[in-house]
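One structure below.
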Amino acid sequence: MTQVRVRFAPSPTGRFHLGSARTALFNWLFARKTGGVFVLRIEDTDPRRNTPEALRVLLNGLRWLGLNWDEGPETGGACGPYFQSRRQAVYGRYLRKLHDSGRTYRKDGAVYFRLEGERYLEYDPYLKAEVEKVRAAPQVFVDAVRGQVRRAEEKDFVLVRSSGEPVFHLVNVVDDIAMGITHVIRGEDHLSNTAKHCELFKALGAPLPQFVHLPMILNNKGPGKMSKRGDGVHLEDYSRRHFLPSALVNFLALLGWNPKDDSEIMSPDRLLEKFDLDGIQKGNARFDEKKLAHVNTEHLRRLPREEFMQRSLSVLQGAGLDVSDLTYSRAVLDLCRDKVRSLDDLPAYVTYFFSDSYPVDEKARRRLMKREDSLPKLQQALACLQSVGEWTEAGLEEGFANLARSHRQKKPFAWFPVTRFAVSGRAGGPDLLPMLALLGPHRTLTRLRRAGRAQRKE
RNA sequence: GUCCCGUUCGUCUAGUCAGGUCUAGGACACAGGGUUUUCAUCCCUGCAACAGGGGUUCGAAUCCCCUACGGGACGCCA
């Protein structure tokens, strides 16, 4: 069997759409799974959309996801160049072939592909005009997901614009032939185009590749495929919010594919182990950000400690927190690991460890500080902590135990919520005692006093 | 409008190709309860689907047909 060659053929637009990302992922998975070659080909035949910045977004997006390509921009390869804007000579050669076999003609300065079959004139309600149609033989092809599909083209179509630029259908097929592509894995929006492409493959005397049409990703709300605009539809929206690439890969893979067992949280390696074309879904899928968040949290929990540290430190630094005391910062992060749900939440979760001007959760204030006994509790906690001998977790525990005993309580838990709120401005967080130990006596006592003063004023 | 593809809980999906083991399984979300100093975790419980109709069959989520609905394509965009 010949080696699998697949391609991801994006058009640079300046954004990296999640639908594209999933198509890239499936191509990559299939290539890696089969020991095949993953080709990256840039379909920049529309000069208006084609900028260096747009290309950079694309390449960075793929790198962020960890989808390395074997042939393409930067890596090169035997079938280059990998930019369609630089392949004019190739298209010229194939065009000549079509011309020589009588399958092209010129009209209005453009080059058209000639279908074979009886011609007739008909009013086309879609184009709102009388057009020439052709009774062409239906093209029959096998789609790996949907089985046999049959569709007949009925209109000649443009191959080269009057400006001289070749159009998508031509370059796409020519490059798939010239680059030896064996499997065309792409979105279902191309299923209807496939008949057109089959016409070209046949007219050029090339064998058909195996087609694999992926279900569409639909908008979470409202009709239609995931829109090109709007929030949360581009890869950058998620990288910016510090989602883990492995989580996005996992989630995207599950959108239109499943491993047939109940596995859900999978590393890229695990995904690779499980991936196969059979598991691809026929029906369209809707993007659910809540589920993504869940997958992301699970990936965060599974992150090795050191990687969690590195990513967290960089997120905190990006949020303007001073993490230069690495021993301290790491100690803070150790307290939060397995607690915080996303890296995006992390800065707000730990600001009070790094600064005295931290945000205060007003809802928590209303709930905790409105109570009659909050001021006495605060004062008692302050008094107790002031007399703690050794400012360690054990010392603090002993101090609180004494406090409880003097109020004939078994446990000091009654003082915990107000204390936590007073020193952090939050209702939740890491375990209280280690948190106070790390915060140190100075900040803890200062904040408790400050909270007491604020409380007296009310 | 024409053609192509699809349709199982609110969402992602298992089960469909090889009809019975499906009183339809899992996950997210949601609701309730338990554990927990808080938060998170964890545990338990609940909610909730075979689009509709007709056929084939002893038996249909599964096979066939029709309808409805959804998506896509029909461009000198990709």
Report summary line: Result for 5'-nearest mapping on RNA chain B, choosing between A:D124 and A:L191, is A:D124
Query raised in the report: Within this structure, what is the NZ-to-P distance between A:K196 and B:C3, rounded to whole angstrom?
Result: 16 Å
Query - Nucleotide nearest A:Y112 (side chain, heavy atoms from C-beta), chosen from B:G6, B:C76, B:C5 - result: B:C76
Query raised in the report: Between B:C5, B:A73, B:G75, which nucleotide gets closest to the side-chain atoms of A:Y126?
Result: B:G75
Query raised in the report: When the ring planes of A:F201 and A:F211 are compared, do they come out parallel, tilted or perpendicular, using 30° and 60° as the limits?
Result: perpendicular
Query raised in the report: If you look at every strand shown and take non-hydrogen atoms under 4.0 Å, does A:R301 touch a base, only sugar-phosphate, or nothing?
Result: sugar-phosphate
Query - pi-stack flag for A:F416 and B:U38, centroid dist under 5.5 Å, interplanar under 30° - result: no
**Report entry** Criterion side chain to side chain donor-acceptor pair (under 3.5 Å) on A:E153 and A:Q139, from CA distance to verdict
**Finding:** CA-CA 8 Å; A:E153 279 307 307; A:Q139 295 298 312; over 6 Å; no
Report task. Write down the distance separating the C1' atoms in B:G53 and B:C69, rounded off to the nearest Å. Result -> 14 Å
Query raised in the report: Below 6.0 angstrom between ring centroids: does that apply to A:F26 and A:F275?
Result: yes
Requested in this report: Quote, to the nearest angstrom, the P distance that separates B:C74 from B:G32.
Outcome: 49 Å
**Report entry** Atom pair distance, as rounded to whole Å: CZ in A:F157 and C1' in B:C77
**Finding:** 15 Å
Query raised in the report: CZ of A:F421 versus C1' of B:U38: gap in Å, rounded?
Result: 13 Å
Query - A:R150 CZ - B:C4 P separation (whole Å) - result: 10 Å
Query - Integer-rounded Å distance: B:A73 C1' and A:R146 CZ - result: 13 Å
Query raised in the report: Run the salt bridge (charged side-chain N to carboxylate O under 4.0 Å, His left out) check on A:R7 and A:E71 step by step: do they pass?
Result: CA-CA 9 Å; A:R7 71 343 186 242; A:E71 296 179 21; over 6 Å; no
Report task. Indicate, with a heavy-atom threshold strictly under 4.0 Å, whether A:E188 touches base, sugar-phosphate, or nothing. Result -> base
Report task. Provide, to the nearest angstrom, the distance between the NZ atom belonging to A:K107 and the C1' atom belonging to B:G75. Result -> 13 Å
Query raised in the report: Once you round it to whole Å, what is the distance between P of B:A78 and OH of A:Y91?
Result: 11 Å
Report task. Just call it for A:H190: base, sugar-phosphate, or nothing, with non-hydrogen atoms closer than 4.0 Å on any strand. Result -> base
Query - Which nucleotide in B:C76, B:U38, B:G71 has an atom nearest any side-chain atom of A:M216 - result: B:G71
Query - Any donor-acceptor N or O pair under 3.5 Å, side chains A:E53, A:T51 - result: no
Query raised in the report: In whole Å, what separates the C1' atom of B:A29 from that of B:A49?
Result: 16 Å
Query raised in the report: Taking the side chain of A:P125 as its heavy atoms from C-beta onward, which of B:A40, B:G1, B:C5 lies nearest to it?
Result: B:G1
Requested in this report: Could you check how far OH of A:Y352 sits from P of B:C39, rounded to whole Å?
Outcome: 14 Å
Query raised in the report: Can A:R186 and A:E188 be counted as an ion pair, charged N to O under 4.0 angstrom?
Result: no
Report summary line: If pairing means Watson-Crick or G-U wobble with both distances under 3.5 Å, then the partner of B:C3 is B:G72
Query raised in the report: Relative to the ring of A:F8, is the ring of A:F38 parallel (under 30°), tilted (30 to 60°) or perpendicular (over 60°)?
Result: parallel
Query - Same-atom distance (C1') from B:C47 to B:U41, integer angstrom - result: 23 Å
Query - A:F83 six-ring face occupied by A:R87 cation (under 6.0 Å, within 45°) - result: no
Query raised in the report: Quick one: on RNA chain B, does A:R420 or A:R151 contact a more 5' nucleotide (nearest heavy atom)?
Result: A:R151
Query raised in the report: B:C58 and B:G19: how far apart are their P atoms, nearest whole angstrom?
Result: 15 Å
Report task. May I ask you to check if A:K339 and A:Y349 form a cation-pi contact, with NZ or CZ under 6.0 angstrom from the six-membered ring centre and within 45° of the axis? Result -> no
Query raised in the report: Does any N or O donor sit under 3.5 Å from an N or O acceptor when you compare the side chain of A:K290 with the base of B:C28?
Result: no
Query raised in the report: Using atom C1' of each nucleotide, how far apart are B:G52 and B:A18 to the nearest Å?
Result: 28 Å
Query raised in the report: Has A:R186 got a side-chain N or O lying under 4.0 Å from the OP1 or OP2 atom of B:A78?
Result: no
Requested in this report: Go through the N and O atoms of the side chain of A:S192 and the base of B:C74, and report whether any donor-acceptor pair is under 3.5 Å.
Outcome: no
Report summary line: Taking B:A40, B:A78, B:C39 as options, the one with an atom nearest any side-chain atom of A:Y349 is B:C39
Query raised in the report: Taking the same atom, P, in B:C9 and in B:G33, what whole-Å distance lies between them?
Result: 29 Å
**Report entry** Side-chain heavy atoms of A:N27 within contact of A:T23, under 4.5 Å
**Finding:** yes
Show the distances under 3.5 angstrom between N or O atoms of the protein and N or O atoms of nucleotides 12-16 of chain B.
unit_1 : atom_1 : unit_2 : atom_2 : d
B:C12  : OP1    : A:R286 : N      : 2.8
B:C12  : O2'    : A:L254 : O      : 3.1
B:U13  : OP1    : A:G256 : N      : 2.6
B:U13  : O3'    : A:N258 : ND2    : 2.8
B:U13  : O3'    : A:Q281 : OE1    : 3.4
B:A14  : OP1    : A:N258 : ND2    : 2.4
B:A14  : OP1    : A:Q281 : OE1    : 3.2
B:A14  : OP2    : A:Q281 : OE1    : 3.1
B:A14  : OP2    : A:Q281 : NE2    : 3.4
B:G15  : OP1    : A:K260 : NZ     : 3.4
B:G15  : OP2    : A:K260 : NZ     : 3.4

Query raised in the report: Roughly how far apart, to the nearest Å, are B:G59 and B:U21 at atom P?
Result: 15 Å
Query raised in the report: When all nucleic acid strands are considered with a 4.0 Å heavy-atom cut-off, which category describes A:L127: base, sugar-phosphate, or nothing?
Result: sugar-phosphate
Query raised in the report: Taking the side chain of A:R341 as its heavy atoms from C-beta onward, which of B:G75, B:A78, B:A40 lies nearest to it?
Result: B:A40
